[in-house]
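Values reported hereafter were calculated over all heavy atoms of this structure, with side chains retained and with hydrogens, waters and symmetry mates removed.
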Amino acid sequence: MVKVALLIGVSEYEPGLNPLPASVKDMQAIAKVLQHPEMGDFAEADIQKLENPDPQKMQEAIETLFSDRRKDDLVVLYFSGHGIKDESGKLHLATRLTRKNPQGRLIKSTTVPASFVHNIMSDSHCKRQVVILDCCFSGAFAEGWSAKDDGSLDIRAELGGEGRVVLTSSTATEYSFQQQEANLSIYTRYLIEGIETGAADLDSDGAVSVDELHEYAKRKVQKAAPAMQPEIYAVKEGFKILLSKAPIGDPKLKYRKEVEIYANRGEISIIGRRILDALRQKLGLLPEETAAIEAEVLKPYREYQQKLQQYEQALVDAIGREQTLSDYTRNDLRRYQEILGLRDEDIASIETRISPKNGSFPFPDKVTAFKSYDATPVKPPNKAVAVLRNPRVMIGTGVLVTVVLAFSFLVKPHDPSVTTQPSPVESSTPATSPTVSPTTEMSAKNFYDRGIDKSNKKDYKGAIEDFNEVLRLDRNRVLAYYQRGYALNKLEKYNEAIEDFNEYLKINPNDVDALNMRGLSYYNLDKYEQAITDCTNAIKLNSEYAHAYYNRALAYAAQTNNQKAIADYQKAAELYQQQGKTKDYQDALEKLKELQK
């Protein structure tokens, strides 16, 4: 068996395409970890590096890479640079000569089409092929193959060849984010971090498989740039191709994995701090060593906060120049949001907070991501009880805290009875409900603020009355549907709650909290199939949403589908433990034991 790799980095381009300084650095960094004897263990002579090639040289190198290979060889193709889609939506890998004609159409002869790479791979006898694409629209690499067919073949079948796997930094429609100040692009940086530190060895077996590397990099990327969606496409055993070695028993790696658990919200809790300090002493690590590990683990969270600040400053500058934002400026802001890798829900609270009062801004139908709630299902004593808490706890300080404090009307209610210390949102809640001057007319925002305050104080009937007024005055405040549904659920008015969650989900169909809450209402109405559907959809959107697994298990158990219920309770318990939620973890274990009797 031979391990060979072709690594391509294209940083320099013809006028019309922006230079990408990180791309050549990406290629060099990948080469370093692949040829390291304790990591990739590729022979230096079997790694070819192409820096800013022309189309012919790049095509010849790709063809040579896959030609005359044996079945058990491992072949790796890595590309970092511009990915460009032509007018028919097919992906092309850019070379240093890539350009467009005066009409703005891609001159295809200056590129390497994804279809060319596919054809070369299909002709190869090698059955272990790994392709890594760090470029915009890289997900179209797989879509391009299925586009050749009449639609009867799916992507996995169309990829062809056992043991083939493709990692992409984005989907077919997304840009890949590259930080201007960084040495490496964000996706490649976390691929390398996973290999270099061994942290991508998720099952601690001493080897990093391609699927483990993908999972590690994807998780990190989405913490720093939530809009980016790295993808993986594989055939047969392609997922389990071993790409590198990882240390076993390394104290630094053990410490890093513990930090990942206690820093999963962007900060280390007080108890987590004590645990890590004790672990540092037990492992015999120096304070400066563990501090460096923690800084690296927390880096994506801090990058995310920095991007929010950058977008906010851009929006402030734009509003300072234009009282009413032009379509041109709005498009620029949208493009800047894409470059930063931020989703609509990431910037919604910023846009709401600093938008002009004359209504000329913000963009419509955006809801803040900083939402906190708790809901307890109400069932007869012989049915299981689920406690739902929002897994997305607000992280960080600075501008994020300011946003939430200033605009608590965008925050879902929180039940203080289930936490040991108040969140920043709760601590800002006044002792009495918000009031206005007798001469001031109550606005939708005033009613909303008061409704939130009443809900926090468990005055759900009063909260519903205020949310009714919110929606009478301003139907566009769609979050009021969620808040009213929450209060109705607390008062066991489940059918009415479902109606409100339906209205909210029409505008925000991917809100996992709303899906879970609607599922909870269905569960309380003994509509278990609908409850399972909502929980399943929430899990598809957030595979680490422990409460959705827990509540789906409740519905399965109510149907006496014990096998599925046990699997979901086990998954919920595992996630609760990783997230440091001891009470929920114990509760899931108790439910699990009841079913296993």
Side-chain angles (χ1 to χ4, degrees), residues 8 10 13-18 20 23 55 58-59 62 77-123 129 131-161 164-178 185-187 214 218 221-222 225 227-235 331-332 334-344 509-510:
I8 305 169
V10 187
Y13 295 93
E14 293 289 304
L17 289 177
N18 294 328
L20 297 175
S23 291
M58 187 164 154
Q59 289 184 1
I62 292 172
L77 172 62
Y78 170 86
F79 174 83
S80 177
H82 277 300
I84 304 173
K85 293 171 74 173
D86 61 21
E87 58 273 13
S88 62
K90 295 179 180 178
L91 178 68
H92 295 254
L93 305 181
T95 72
R96 66 177 175 85
L97 299 181
T98 297
R99 61 187 186 279
K100 298 181 179 181
N101 65 22
Q103 290 73 42
R105 291 192 173 185
L106 180 66
I107 300 177
K108 299 176 185 178
S109 60
T110 64
T111 73
V112 174
S115 58
F116 169 82
V117 183
H118 173 231
N119 291 335
I120 296 298
M121 293 172 68
S122 297
D123 290 339
Q129 303 175 1
V131 178
I132 303 174
L133 301 177
D134 191 349
C135 61
C136 297
F137 317 120
S138 47
F141 189 78
E143 286 189 0
W145 293 331
S146 58
K148 290 182 179 180
D149 193 67
D150 62 2
S152 61
L153 297 177
D154 61 22
I155 280 181
R156 289 181 180 273
E158 189 66 12
L159 285 170
R164 181 178 297 179
V165 61
V166 180
L167 301 184
T168 67
S169 61
S170 62
T171 67
T173 59
E174 290 176 348
Y175 292 93
S176 290
F177 176 72
Q178 293 202 22
S185 67
I186 187 170
Y187 180 62
H214 162 75
K218 179 179 181 178
V221 164
Q222 291 187 322
M228 279 184 65
Q229 297 285 333
E231 300 284 354
I232 183 170
Y233 307 93
V235 177
N331 288 335
D332 283 349
R334 175 66 68 184
R335 174 65 180 129
Y336 189 47
Q337 175 190 341
E338 291 174 346
I339 292 296
L340 292 175
L342 297 173
R343 303 163 299 179
D344 289 351
N510 294 331

**Q** Looking at every non-hydrogen atom in both residues, tell me the closest pair between R164 and M121 and how far apart they are.
**A** NH2-O, 3.0 Å
**Q** So do the side chains of L17 and T98 get within less than 4.5 Å of each other, counting heavy atoms only?
**A** yes
**Q** Quick check: do Y233 and L167 have side-chain heavy atoms less than 4.5 Å from each other?
**A** no
**Q** For H82 and Y13, which heavy atoms make the closest approach, and how far apart are they?
**A**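 It is N-OH, 2.9 Å.
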**Q** Identify the heavy atoms of S170 and C136 that sit nearest to each other, and give their distance.
**A** OG-C, 3.9 Å
**Q** Just verifying a value: how many Å separate R335 CZ and L340 CG, rounded to the nearest 0.5 Å?
**A** 10.0 Å
**Q** With a 4.5 Å heavy-atom cut-off, do P55 and L97 have their side chains touching?
**A** yes
**Q** Given side chains that start at C-beta, do those of V165 and V131 come closer than 4.5 Å, heavy atoms only?
**A** no
**Q** If I compare all heavy atoms of C135 with all of G83, which pair ends up nearest, and what's the gap?
**A**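 Reported closest heavy-atom pair: CB-N, 3.6 Å.
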**Q** Nearest 0.5 Å please: distance from the CD atom of E231 over to the CG atom of L133.
**A** 12.5 Å
**Q** With rounding to the nearest 0.5 Å, note down the distance linking CD in Q59 to OG1 in T95.
**A** 9.0 Å
**Q** Tell me, do K100 and I107 make a side-chain contact under 4.5 Å, heavy atoms counted?
**A** no
**Q** Which heavy atom of I186 sits nearest to which heavy atom of V221, and what is that distance?
**A**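 It is O-CG2, 4.2 Å.
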**Q** Find the distance between CZ (F79) and CG (L93) and round it off to the nearest 0.5 Å.
**A**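 F79 atom CZ to L93 atom CG measures 4.5 Å (nearest 0.5 Å).
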**Q** Measure the spacing between OG1 of T111 and NE2 of H92 and express it to the nearest 0.5 Å.
**A**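 If I round to the nearest 0.5 Å, the distance is 5.0 Å.
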**Q** Rounded to the nearest 0.5 Å, what separates atom NZ in K90 from atom CG in L106?
**A**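 If we round to the nearest 0.5 Å, K90:NZ and L106:CG are 12.5 Å apart.
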